[in-house]
Amino acid sequence: MSVTVESAARTAPAAVIVAIDGPSGTGKSSTSKAVAAKLGLSYLDTGAQYRAITWWMISNGIDIDDPAEIAVAAAKPVIVSGTDPSAPTITVDGEDASGPIRTQDVTSKVSAVSAVPEVRALITQLQRDIAAGAGQGIVVEGRDIGTTVLPDADLKVFLTASPEARAARRSGEIKGSDVAATREALIKRDAADSGRKTSPLAKADDAVEVDTTELTLDQVIECVVTLIEEKQATK
Ligand SMILES: Nc1ncnc2c1ncn2[C@@H]1O[C@H](COP(=O)(O)OP(=O)(O)O)[C@@H](O)[C@H]1O
Ligand SMILES: Nc1ccn([C@@H]2O[C@H](COP(=O)(O)OP(=O)(O)O)[C@@H](O)[C@H]2O)c(=O)n1
């Protein structure tokens, strides 16, 4: 019996915690999902959690311009994330929120809600609990994963890309959308996310920066897979 356990410990790759951060449209979600699926890891989209709490605030008539009102309401919604990279899910009070969290209305309000310290404290704890429970390891993507949520992650990656490339990618997802307007909206959201006091969007000192402007998605995936496998080999 002990022989089996020992050999399994020798052959099974060690669980890894991977933090992928960066601004909107740099490829965090697509890369993280694909990498996690390839390596048999769990996947967590932390932006979806901030979007979910924002959707709940809007649906419940909370004044998005009033941080005190947001802070008082922050603990009310129950947000649950499913971490299978091939079918990630998000529910709020048991209701599927995957569609409503992607509306323009939520996108334009999420930075205000996510800047409220009480919101960040609750969501950060939720993220740490999910990461701690991921037995095979997990890829967690967001804005502050490497700096704040999981500062001891085995690997930290910070994705970047030019505003033009990011706007072109994002508007490619929405039929008939205007690239210039998308670019302005992205820049505005980046500024709000980078400028907030509590855990702003930032590269961790020990993160590997990957500029994806001139890379295909497959190249970015391959790059991150290689970085993870190197970490696993030395764990
Ligand atoms: N390197 C890349 N080259 C071209 N398109 C990409 C690349 N990475 C991601 N995309 C596309 O850009 C869009 C935004 O990617 P996404 O992963 O959602 O970014 P993020 O999570 O950082 O906002 C998606 O349509 C995705 O398929
Ligand atoms: N770790 C995180 C992840 C997202 N967010 C907030 O959530 C918003 C939506 O994140 P997202 O990852 O869904 O955004 P996109 O990159 O998909 O446009 C961001 O603009 C931030 O305001 C955050 O504050 N911290």
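Here the structure is a predicted model, which is why all the values come from computation and not from measurement. Counting starts at 1 for both ligands and their atoms, in listed order.
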Would you call Lys231 and Asp154 a salt bridge, taking side-chain N to carboxylate O under 4.0 Å as the test?
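A salt bridge is absent here (no side-chain N lies under 4.0 Å from a carboxylate O).
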Whether Asp190 and Arg166 form a salt bridge (side-chain N of Lys/Arg under 4.0 Å from carboxylate O of Asp/Glu) is what I want to check.
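Yes, Arg166 and Asp190 are salt-bridged.
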Going by atom types alone, do [X] and [Y] pair a side-chain donor with an acceptor below 3.5 Å?
X: Asp105; Y: Thr103; value: no
X: Thr212; Y: Arg169; value: yes
X: Thr107; Y: Arg51; value: yes
X: Arg120; Y: Ser199; value: yes
X: Ser98; Y: Asp96; value: yes

How close does the nearest protein non-hydrogen atom get to [atom], and which residue and atom is it?
atom: atom 22 (O) of ligand 2; value: Asp193 OD1, 2.7 Å
atom: atom 19 (O) of ligand 1; value: Gly27 N, 3.2 Å
atom: atom 21 (O) of ligand 1; value: Ser29 N, 2.9 Å
atom: atom 25 (N) of ligand 2; value: Arg120 NH2, 3.0 Å
atom: atom 2 (C) of ligand 2; value: Arg143 N, 3.4 Å
atom: atom 6 (C) of ligand 2; value: Ser114 OG, 3.7 Å
atom: atom 25 (O) of ligand 1; value: Glu173 OE2, 2.8 Å
atom: atom 4 (C) of ligand 1; value: Arg169 NE, 3.6 Å
atom: atom 5 (N) of ligand 2; value: Tyr50 CD1, 3.6 Å

Considering both backbone and side-chain atoms of [X], is one of its nitrogen or oxygen atoms within less than 3.5 Å of a nitrogen or oxygen in ligand 1?
X: Thr31; answer: no
X: Lys28; answer: yes
X: Val220; answer: no

N/O to N/O below 3.5 Å, does that happen between Asp144 and ligand 2?
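Indeed, backbone or side chain, Asp144 has an N or O that close.
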Thr46, any N or O under 3.5 Å of ligand 2 N or O
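Yes, there is a polar N/O contact under 3.5 Å.
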Ligand-side contact atoms (ligand 1) for residue partner [X], heavy atom cut-off under 4.0 Å:
X: Ser24; value: 23 (O)
X: Leu215; value: 1 (N), 2 (C), 3 (N)
X: Ser30; value: 9 (C), 15 (O), 16 (P), 17 (O), 26 (C), 27 (O)

Quick check: closest heavy atoms across Val139 and Ala36, and the distance to 0.1 Å?
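For Val139 versus Ala36, the nearest heavy atoms are CG2-CB, 3.9 Å.
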Can Gln49 be said to touch ligand 2, with heavy atoms closer than 4.0 Å?
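Not so, Gln49 does not reach ligand 2.
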Among the heavy atoms of Gln127, does any lie under 4.0 Å from an atom of ligand 2?
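Not so, Gln127 does not reach ligand 2.
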Enumerated ligand 2 atoms positioned under 4.0 Å from heavy atoms of Ser24:
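Heavy-atom distances to Ser24 below 4.0 Å select 15 (P), 16 (O), 18 (O).
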Sub-4.0 Å atoms of ligand 2 with respect to non-hydrogen atoms of Lys28:
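Heavy-atom distances to Lys28 below 4.0 Å select 16 (O).
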Heavy-atom distances under 4.0 Å are what count here, so tell me which part of Lys109 touches ligand 2: side chain, backbone, both or neither.
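Near ligand 2, Lys109 shows nothing, with every heavy atom at 4.0 Å or more.
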Classify the contact between Arg170 and ligand 1 as side chain, backbone, both or neither, using a heavy-atom distance cut-off of under 4.0 Å.
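Side chain only.
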